[in-house]
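Here the structure is laid out as structure tokens; the discussion comes afterwards.
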Number of protein chains: 2
Amino acid sequence: MSGSTSLAEQLKMAGFRMTRQRAAVLRAMADSPTPLSALQLWNQAKRNCPCLGLATVYRTLDVLNMVGGVERCHAASGRSFVSCPPGDHHHVVCVVCGRVAEFSRCNVASLIPEVSRETGFHVESHLLELAGICPTCLAEEKAE
Amino acid sequence: MSGSTSLAEQLKMAGFRMTRQRAAVLRAMADSPTPLSALQLWNQAKRNCPCLGLATVYRTLDVLNMVGGVERCHAASGRSFVSCPPGDHHHVVCVVCGRVAEFSRCNVASLIPEVSRETGFHVESHLLELAGICPTCLAEEKAE
DNA sequence: GACATAAATGAGAAGTCTTCTCACTTACTC
DNA sequence: GAGTAAGTGAGAAGACTTCTCATTTATGTC
């Protein structure tokens with residue numbers, strides 16, 4: 001679980017304590033192949049630490065965010081989730097179940113000169129989010 | 001306020017009624033050069049229609065969104081709305097003053113096959129929003 | 001290993017934003 | 001002008017997040 005280890009190290013280096021609860025949250029994040037919402041993270045992490053409180057999950061996310069270990073994203077649908085590692089990637093959100101996947105390929109940068117010309121804006125950043133149906137929901141749809 | 005008029009027409013064409021409350025919301029949106037949150041919109045619209053309820057603002061936004069007359073603006077925390085012309089376009093938002101411009105050029109579609117392959121998602125739609133500095137704020141920055 | 005202490009926690013209250021409910025009002029059709 | 005179905009206001013309810021505070025615990029020091 002190298003991801004979890006490095007996040008733990010980041011926390012320690014920043015002077016935060018490594019508690020059972022934080023370890024459980026880190027582990028839940030590392031174990032999930034896809035970004036999770038705070039609630040999902042709570043449910044996962046409780047397996048490792050049953051008495052974990054939801055507030056602690058939010059506090060841990062806050063701390064990790066401060067340290068730069070995770071990013072909190074707000075999807076167009078209003079749902080929010082935790083993305084790890086933060087940085088240059090975008091998300092696809094399932095319109096059926098809300099599952100989120102990440103992808104890094106992006107060609108928006110090549111569009112920017114044209115938009116600058118068209119609008120006069122000096123473009124600094126972009127937000128790209130795709131919506132669709134995840135493999136699981138696609139399979140279920142076909143099964144019906 | 002041509003923006004407001006055309007939104008009103010869009011509503012009527014879609015079979016919705018034009019009420020005093022909706023007119024107040026439309027007018028508030030048309031009068032604002034920047035995206036507004038539901039709460040801000042409520043406060044503005046109440047000037048034209050003092051007894052306006054907040055729920056009505058949300059309902060009106062819903063209806064307008066359905067009709068394609070407004071869109072969520074994500075740059076500012078994803079909680080605000082802009083009125084916009086119908087049709088395929090995206091927004092550039094000024095990070096300084098909040099002003100929004102539209103552009104139609106978009107190359108995201110060509111990205112979708114790759115993302116589908118990478119994530120297994122069946123991609124149906126995309127959201128693209130650029131952030132930067134508008135011509136007015138650029139000029140002011142240079143003047144300093 | 002025991003102790004001191006400041007950080008971290010759990011549980012639930014509180015806050016914020018949004019949607020829902022339902023009795024009442026009103027825009028639109030005839 | 002009357003009938004009617006869409007729309008409304010007010011407040012309850014719901015989802016998510018943050019705050020509060022008494023209690024617990026990780027960590028450095030002895």
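Sequence lines set the chain letters: A, B, ... in the order given, protein chains first and strands last, and positions in each chain run from 1.
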Side chain of [X], heavy atoms from C-beta onward: which of [options] has the nearest atom to it?
X       : options                : answer
B/Leu39 : D/dA10, C/dG10, C/dC17 : C/dC17
B/Arg59 : D/dT20, D/dG9, C/dA8   : D/dG9
B/Lys12 : C/dT9, D/dG7, C/dC28   : C/dC28
B/Thr19 : C/dG12, C/dA27, C/dT9  : C/dA27

Report which part of the nucleic acid [X] touches: base, sugar-phosphate, or nothing (heavy-atom distance under 4.0 Å, all strands).
X       : answer
A/Arg22 : sugar-phosphate
A/Arg72 : sugar-phosphate
A/Ser80 : sugar-phosphate
A/Leu54 : base

Does [X] place a side-chain N or O at less than 4.0 Å from the phosphate oxygens OP1/OP2 of [N]?
X       : N      : value
A/Gln21 : C/dA8  : no
B/Tyr58 : C/dT18 : yes
A/Arg20 : C/dG10 : no

- Does A/Arg17 make a side-chain donor-acceptor contact with the base of D/dG28, cut-off 3.5 Å? no
- side-chain contact (heavy atoms from CB on, under 4.5 Å), paired with A/Val70, selected from A/Cys84, A/Pro35, A/Ser83: A/Cys84
- Matching residue for A/Lys46 among A/Leu52, A/Val57, A/Leu54 - test: side-chain contact (heavy atoms from CB on, under 4.5 Å): A/Leu52
- Message: Just so I know, are the side chains of B/Ser116 and B/Val123 near enough to count as touching, which here means a heavy-atom distance under 4.5 Å?
- Response: yes
Roughly, in whole Å, what's the span from [atom1] in [X] to [atom2] in [N]?
X       : N      : atom1 : atom2 : result
B/Phe16 : D/dT8  : CZ    : C1'   : 15 Å
A/Arg79 : D/dT17 : CZ    : P     : 12 Å
A/Met18 : D/dG28 : CE    : C1'   : 17 Å
A/His74 : D/dT17 : NE2   : C1'   : 10 Å
B/Trp42 : D/dG11 : CH2   : C1'   : 12 Å
B/Met66 : C/dT19 : CE    : P     : 11 Å
B/Asp62 : D/dA6  : CG    : P     : 16 Å
A/Asn48 : C/dT9  : CG    : C1'   : 17 Å

- Task: Indicate the ring-plane relationship of A/His90 and A/His126, choosing parallel, tilted or perpendicular according to the 30° and 60° boundaries.
- Result: tilted
- Task: Take A/Thr19 and A/Arg22 through the side-chain hydrogen bond (donor to acceptor under 3.5 Å, both in side chains) test and state the conclusion after the steps.
- Result: CA-CA 5 Å; A/Thr19 64; A/Arg22 282 179 180 166; 4.5 Å; no
- Please check if any side-chain donor atom of A/Ser104 sits under 3.5 Å from a side-chain acceptor atom of A/Asp88, or the reverse. no
- Query: Closest nucleotide of DNA chain C for A/Val63 versus for A/Ala55: which of these residues is on the 5' side?
  - Reply: A/Val63
